[in-house]
*Asks:* 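Take this structure first; my questions come after.
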Protein chains: 2
Amino acid sequence: MSKPYVLGIDIGGTNTVFGIVDARGHVVASDSVKTLKYSDFNDYVNQLKEGVGRLLRANEAEDKIQGIGIGAPNANYYTGEVVNAPNLPWGPVVPLAKAVSEAFNGIPVAITNDANAAALGEMTYGAARGMRDFIMITLGTGVGSGIVVNGQLVYGHDGNAGELGHVIVKRNNGRICGCGRTGCLEAYCSATGVARTAREFLEIRTDPSELRSIQIEDITSKDVYDAAIAGDKLAKEIFEYTGTILGQAFADMIAFSSPQAIILFGGLAKSGDLLLKPIKESLNQAIMPIFRGKTKIILSELRESDAAVLGASALGWEAKYRADINPSAPQSNLPVEVAAD
Amino acid sequence: MSKPYVLGIDIGGTNTVFGIVDARGHVVASDSVKTLKYSDFNDYVNQLKEGVGRLLRANEAEDKIQGIGIGAPNANYYTGEVVNAPNLPWGPVVPLAKAVSEAFNGIPVAITNDANAAALGEMTYGAARGMRDFIMITLGTGVGSGIVVNGQLVYGHDGNAGELGHVIVKRNNGRICGCGRTGCLEAYCSATGVARTAREFLEIRTDPSELRSIQIEDITSKDVYDAAIAGDKLAKEIFEYTGTILGQAFADMIAFSSPQAIILFGGLAKSGDLLLKPIKESLNQAIMPIFRGKTKIILSELRESDAAVLGASALGWEAKYRADINPSAPQSNLPVEVAAD
């Protein structure tokens, strides 16, 4: 067998992107299928199998795949299942790892949620190389997190650890969050949260802003970004508000695990200094003195288009490794069905 | 050599307690010296050496000590140093692990802060036996924490992780905390915090209470406990207030590491249901739905008099183990000076 590969699969709400990745983190080739084309889970898996099969054949990689890693919303590393994923149509509990392993002749499969996959990608190929303690914060439609402690992802006793988008940042009069509670970090510091802040600021305040030329219900975080870059004072203050809340939340996260770095990833992270500057100022003010100045706040070094697939592929190598060292016994850290293959 | 022992040392603000502990967690014998008798660090170490020496001779254990574990305020596992401990008089940075190892002929020494030592004790001999993910919360004069993830203590990149007494629970108008900030969990939910709450309640409210018979500046958490047990309504509400804040803080901690249990230790934890009931109610209300009902809130199973020494002794076994597998090379997880012995 020539060069070994793994397959990284990123299941998003719109597209399922998959890539053949070599041991150096080079995405040899990638393609995608529509995640929502089939509402039946078996049909979805067949579609994925066909799409991946085509890519493997086109790259003469059919016999070279050593493991498969999958990042998906609400994917549980321990059980191999996707549970109650709000944007996926296949039912409340889906045996993703088992089904994909079966579709690919028993190749070891490991799955985790998208933010954990991003953290693994960053640790293996990105800004967190060589770090044993860091926190990845994904600032997209929601706020996700992947936490690494002692060089290992934190899954918790049930596989659901790392929901830092849902720590409470406003205990009184907080915004309603998609999780059913109020005051979560995600309700303020996601892309949607920034748009909500814009609407609040525009309603409550009277000062002029470029943003007033947009229908208030249509404003997006991109609009706020464009206005801020163009010098709009109110738009800049929206980023300051967002960054201040993030910095305060980061101070509490640092008190927990004292990471070497907090790494920002996702659409909002591209705002650069507009967001980084108020985060750092707020963090420096909010943090407990013994931690001050020690934790770096940095941006992901992975291209967003590659990151999810690379992160998932890192999990694919892990799946292969675990299957190698323990080919028969069920392992607590791997989906039992897969470990038993 | 007959039965091997380790030495567990707990350095408190008043007493330094040390015990000879066997492999089954039995404290064979223990004694103590006064922590503050000497303001010079070398004098303190000599005093400790003499005290321990007497205990070892009396128990014919002089050649049986395999490792020494020490729990001390602000003790750093990585560096072996005690840094800026507010209640210890020996200067800003004290090379504790190195000095103790030298005093005892190079026996491997590992040190950590008192809350981490308690967590190790609980994992090895107490309520957390068999748990790979739990959080120990010590409710004493302050609020401390020891966090275990994937079966390992969380030290963070600098050895200072696990300061959960200093997450912010009141972002606005919060009480001043000993750490120099405002609104920390410790300012509300330590023994001192409970006394502060009592003073606030008594000043702001007008309803009768047994506590009004005590000079307001003299009220302690013990007074509040006694009044609550006697049925005093205001005293009971002070415990409800304290437990509610703890439950809310626990919800955020669970979002981080999804522990199997949060274990309460220390003076306030002895309040039992007075505190546990409001904690559980508040947690159940505050927690993110996917975590609801999964994390147990339980009390330590270690006797307080033994816990610190037992926890430190667990670290002593670890020090011995690490020295055994790597007798010469400096290890990142052990004080370099000790590992190199």
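Lettering follows sequence order; numbering is per chain, from 1. This one's a predicted model, so the numbers in the text were calculated from it and none came from an experiment. The figures that follow rest on heavy atoms only: side chains count, while hydrogens, waters and symmetry mates do not.
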*Asks:* Heavy-atom distance under 4.5 Å to chain B: side chain of A:Ile135, backbone, both or neither?
*Replies:*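 Side chain of A:Ile135 only, per the 4.5 Å heavy-atom cut-off to chain B.
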*Asks:* Does any backbone or side-chain atom of A:Ile290 lie under 4.5 Å from a heavy atom of chain B? Answer side chain, backbone, both or neither.
*Replies:*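 Both parts, backbone and side chain.
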*Asks:* Could you tell me the separation between the CG atom of B:Asp133 and the OH atom of A:Tyr155, rounded to the nearest 0.5 Å?
*Replies:* 12.5 Å
*Asks:* Sort by residue number and list every residue of residues 278-287 of chain B having at least one heavy atom under 4.5 Å from chain A.
*Replies:*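 At a heavy-atom separation under 4.5 Å, chain A is reached by B:Ala286, B:Ile287.
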*Asks:* Find the one option among B:Ala255, B:Ser257, B:Ser258 whose heavy-atom pairs under 4.5 Å with chain A are most numerous.
*Replies:* B:Ser258
*Asks:* Under a 4.5 Å heavy-atom cutoff, which of A:Ile147, A:Val83, A:Asn74, A:Val149 has the most pairs with chain B?
*Replies:*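 Ranked by heavy-atom pairs under 4.5 Å with chain B, first place is A:Ile147.
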*Asks:* CG of A:Asn150 to CG of B:Asn150: how many Å apart, nearest 0.5 Å?
*Replies:* 8.0 Å
*Asks:* Using only non-hydrogen atoms and a strict under-4.5 angstrom cutoff, which residues of residues 172-194 of chain B touch chain A?
*Replies:*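 Counting heavy atoms that sit under 4.5 Å from chain A, the residues of residues 172-194 of chain B involved are B:Cys179, B:Arg181.
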*Asks:* Can you tell me which portion of B:Met253 sits under 4.5 Å from chain A's heavy atoms? Options are side chain, backbone, both or neither.
*Replies:*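 For B:Met253, heavy atoms of backbone and side chain both lie under 4.5 Å from chain A.
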*Asks:* Where on A:Phe291 is there a heavy atom nearer than 4.5 Å to chain B: the side chain, the backbone, both, or neither?
*Replies:*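 Answer is side chain: those atoms of A:Phe291 sit under 4.5 Å from chain B.
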*Asks:* Would you mind telling me which of B:Lys170, B:Lys294, B:Met288, B:Gln152 has the largest number of heavy-atom pairs within less than 4.5 Å of chain A?
*Replies:* B:Met288
*Asks:* How about residues 116-124 of chain A versus chain B: which residues have heavy atoms under 4.5 Å apart?
*Replies:* none
*Asks:* Given the options B:Ile254, B:Asp252, B:Thr295, which has more heavy-atom pairs under 4.5 Å with chain A than any of the others?
*Replies:* B:Asp252
*Asks:* Is any residue of residues 156-169 of chain B within less than 4.5 Å of chain A by heavy atoms, and which ones?
*Replies:* B:Gly156, B:His157, B:Asp158, B:Asn160, B:Ala161, B:Gly162, B:Glu163, B:Leu164, B:His166, B:Val167, B:Ile168, B:Val169
*Asks:* So which residue, B:Ala251, B:Pro259, B:Ser145, ends up with the most heavy-atom pairs under 4.5 Å with chain A?
*Replies:* B:Pro259
